[in-house]
Amino acid sequence: MVTDKIREIILDAIIKLGFASDAVSGIYDIPIETPKVREFGHYSSNVPFSLAASIKKPPYDIAVALAASIDMSMFEKVEPARPGFINFTLKPAALQDVIIEINDNKNSYGRSDYGNGRKVQVEFVSANPTGPLSVGHGRIAVYGDTVARLLDAAGFAVHKEFYVNDAGNQINNLASSVELRIRELLGEPVDPEQLGYKGEYLIAYAREILEENGQALLDKDEQERRAIIAESSISKMLADQANTLKHFGVEFDTWFRERELHKSGIVEKTLEIMKEKGLAYEEDGAHWFSSTDFEDEKDRVLKKSCGTPTYFLADIAYHRNKYERGFETIIDIWGADHHGYIERMKAAVGALGFDPASLEILIVQFVRFKNVKMSKRLGNIVTIDDLIDEVGADVARFFFLTRSRDSHLEFDLKLAGEKSEANPLFYLQYAHARIHSLIAKAEEKNLRPMFGSELSLLTDQRELQLMKQLADFPWEIQSAAKSREPVRIISYLSRLAGDFHAFYHDLRVISPEEPLMSGARLALSKATGSVLARGLDFLGVSAPESM
RNA sequence: GCGCUCAUAGCUCAGAUGGAUAGAGCAACGGACUUCUAAUCCGUAGGUCGCAGGUUCGAAUCCUGCUGAGCGCGCCA
């Protein structure tokens, strides 16, 4: 990775000059960025500012000293700049090597071992199994899935999990609603007001359950009847949700059932542990977690006076279980309505002796709607399935990923379906398709990508800029993974596609009278095509070969 | 009332631990195809980064207050 090489070179110079300190002791302490102004070079670092405090010299003087001590083998120019930057311009040869690197690592370019195989769990969506997934879940699904893909590329061992809340009142509600639908199918009068879940999707479940079990189902005693209906409804719901997510390009390693926590006794066990550690007390017949000792605003109930555990206790047990499974970093992705639970969850994890910093809870803001006809069938829900039907999975995924997770986005279904809104996606896909067709056309004239010494012919400003962009890919993946911001990949790919389009427009690729130049430019195009394809793959979006 | 999040071009949004002249797409305007995909390229115009203070060599970014928006504050899940 070019950026890491530059960091190493800077670090060597820092050590040589005796400037190393606590502030700067490893390569990842060295900031590096692409300057906004092209004249400043390919990369720049403001590390002199980081060093200024510890070695008590003006940043500019440090920049001058560093620039003079840099190993120049990769660079054409290394210049200090006021008030304290060092600007680097790579030699063309250093950029040309990137094409070879990409070609040699077609299926792995962009991957790094930054994560060093550390186990990370990403838990997301985790919708209740009581209805179809909404567009809000869709935003979370795409965000979580993409973060997981990026972490994987950055060298983490990633596990994707969907937590199924299949215990608690909402399940009783679900079962009784389905039972009412069954009775309705059998001709009994049903008061719609009694339906906890009014969505018509339950009618289909009721029909199937009736077919599977026969009318005898209703003769069983209530507890048994409800248990059958509940389990059956849940598994149908999970199958539907999984199917929806699959169409959306999102698949999980595990679907973790809350029920299992209760059945296996982990929930009770967790309460006992908390009591032993003096973290829980009894008052008014209920069990409380003294979370105020851990910066929560008030104590929370773990087990109600009626004897049933709260959702919160189950959640604590669940998180304990996550740590027991050996995850070093746990990422929970929640909707904005759950932000009030972050403090208490972290408090609980910390109280149990785990490092609260290892639990990252990321909030994804809600999606609001504009120009949407509310579906009577489902109440005020726009589902992921509706969205995919309307605009397709690619556009839908891309739409969510272009907004950072903090933005309170307004979803305009009308706009999303139009070309204008989707244009940035087509821009990327078009670049990929163009490259594919270019290479096919060259083949007809017996011209193929060449990865030898002819690459040194690539010295035009357009070519250098495109190669520089390709060189940045691994770094962009890594920083998007570190910051959990997939949106960066979109910005990056747009720049890459833009540089390719400009290159393509200004320079002739296929010219039989210049076979070496053609070969080199085809190699550059091919490298661009594979980086685009890999980038789009991280976003879960297709890279079409023709459009 | 308290808390979390957000406010950047007409619209939708980027903006790397605080760094150099705040960017892109769409919309508007003006150019570029008898030649590799014009779903493209080149250019013009568009900004008091919600408002007011503060921190410092430097603030869209950090802190405080205010305004506005979304969400949350139960022995619900």
Side-chain angles (χ1 to χ4, degrees), chain A residues 29 31-37 39-40 44 46 49-50 52 58-60 81-85 87 128 130 165 167-171 173 258 283-288 297-298 300-306 308 310-312 314-315 335-343 363 365-366 368 399 402-410 412 415-416 418-427 429-431 433-442 444-445 447 475-476 479-480 482-483 485 487-488 490-491 494-495 497-498 500-511 518 521-522 525 546-547:
Chain A
D29 295 333
I32 187 163
E33 61 182 12
T34 298
K36 286 173 199 151
V37 184
E39 289 75 56
F40 292 158
S44 79
N46 57 9
F49 291 101
S50 320
Y60 183 70
R82 289 188 187 280
F85 300 95
N87 295 330
N128 286 340
T130 53
N165 295 130
N169 283 336
Q170 84 276 15
I171 297 304
N173 225 325
E258 182 187 352
E283 196 176 287
D284 301 333
H287 297 257
W288 298 73
E297 55 189 18
K298 57 187 190 181
R300 308 291 173 178
V301 174
L302 296 170
K303 191 175 184 181
K304 297 182 255 182
S305 52
C306 63
T308 47
T310 59
Y311 184 91
F312 182 43
D315 234 357
D337 53 339
H338 284 72
H339 66 73
Y341 298 80
I342 297 176
E343 284 310 314
I363 294 298
Q365 290 299 328
F366 278 150
R368 287 183 301 141
F399 178 87
T402 49
R403 275 81 175 167
S404 64
R405 98 190 135 76
D406 270 341
S407 77
H408 298 229
L409 81 87
E410 191 167 35
D412 188 330
L415 261 184
E418 284 170 13
K419 193 178 123 194
S420 62
E421 189 67 14
N423 196 43
L425 168 61
F426 293 141
Y427 185 79
Q429 293 183 323
Y430 181 59
R434 221 178 195 188
I435 289 167
H436 190 265
S437 126
L438 180 65
I439 289 170
K441 191 139 270 178
E444 290 168 14
K445 304 208 164 148
L447 293 169
W475 173 53
E476 293 284 352
S479 58
K482 271 194 263 187
S483 61
E485 287 294 357
V487 68
R488 292 217 195 142
I490 304 233
S491 310
S494 303
R495 290 196 302 275
F500 177 76
H501 285 310
F503 154 80
Y504 178 91
H505 184 268
D506 285 4
L507 303 171
R508 181 88 199 163
V509 176
I510 301 174
S511 52
S518 289
R521 286 183 176 160
L522 283 165
S525 302
S546 69
M547 288 177 76

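Predicted model only: the values in this text are computed from it and were never measured. A note on names: the letters A, B, ... follow the listed sequences, proteins ahead of strands, and every chain is numbered from 1.
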Sugar-phosphate, base or nothing in reach of A:N46, heavy atoms under 4.0 Å: base
Short side-chain N/O contact from A:S404 to OP1 or OP2 of B:A14, under 4.0 Å: yes
Watson-Crick or G-U wobble partner of B:C2, both distances under 3.5 Å: B:G72
Sugar-phosphate, base or nothing in reach of A:E476, heavy atoms under 4.0 Å: base
Identified pairing partner of B:G53, criterion: Watson-Crick or G-U wobble below 3.5 Å: B:C63
Integer-rounded Å distance: B:A20 C1' and A:F85 CZ: 5 Å
Nearest to side-chain heavy atoms of A:R403, which nucleotide of B:U37, B:U12, B:U5: B:U12
OP1 or OP2 of B:U37 under 4.0 Å from side-chain N/O of A:K441: yes
Syn/anti label of B:C33 as read from its glycosidic torsion, with the cut at 90° from 0: syn
Listed nucleotide nearest any side-chain atom of A:R508, set B:G3, B:U37, B:C36: B:C36
Between A:H501 and A:Y504, ring centroids under 6.0 Å: no
Touch class at under 4.0 angstrom, heavy-atom based, for A:H408 against every strand present: base
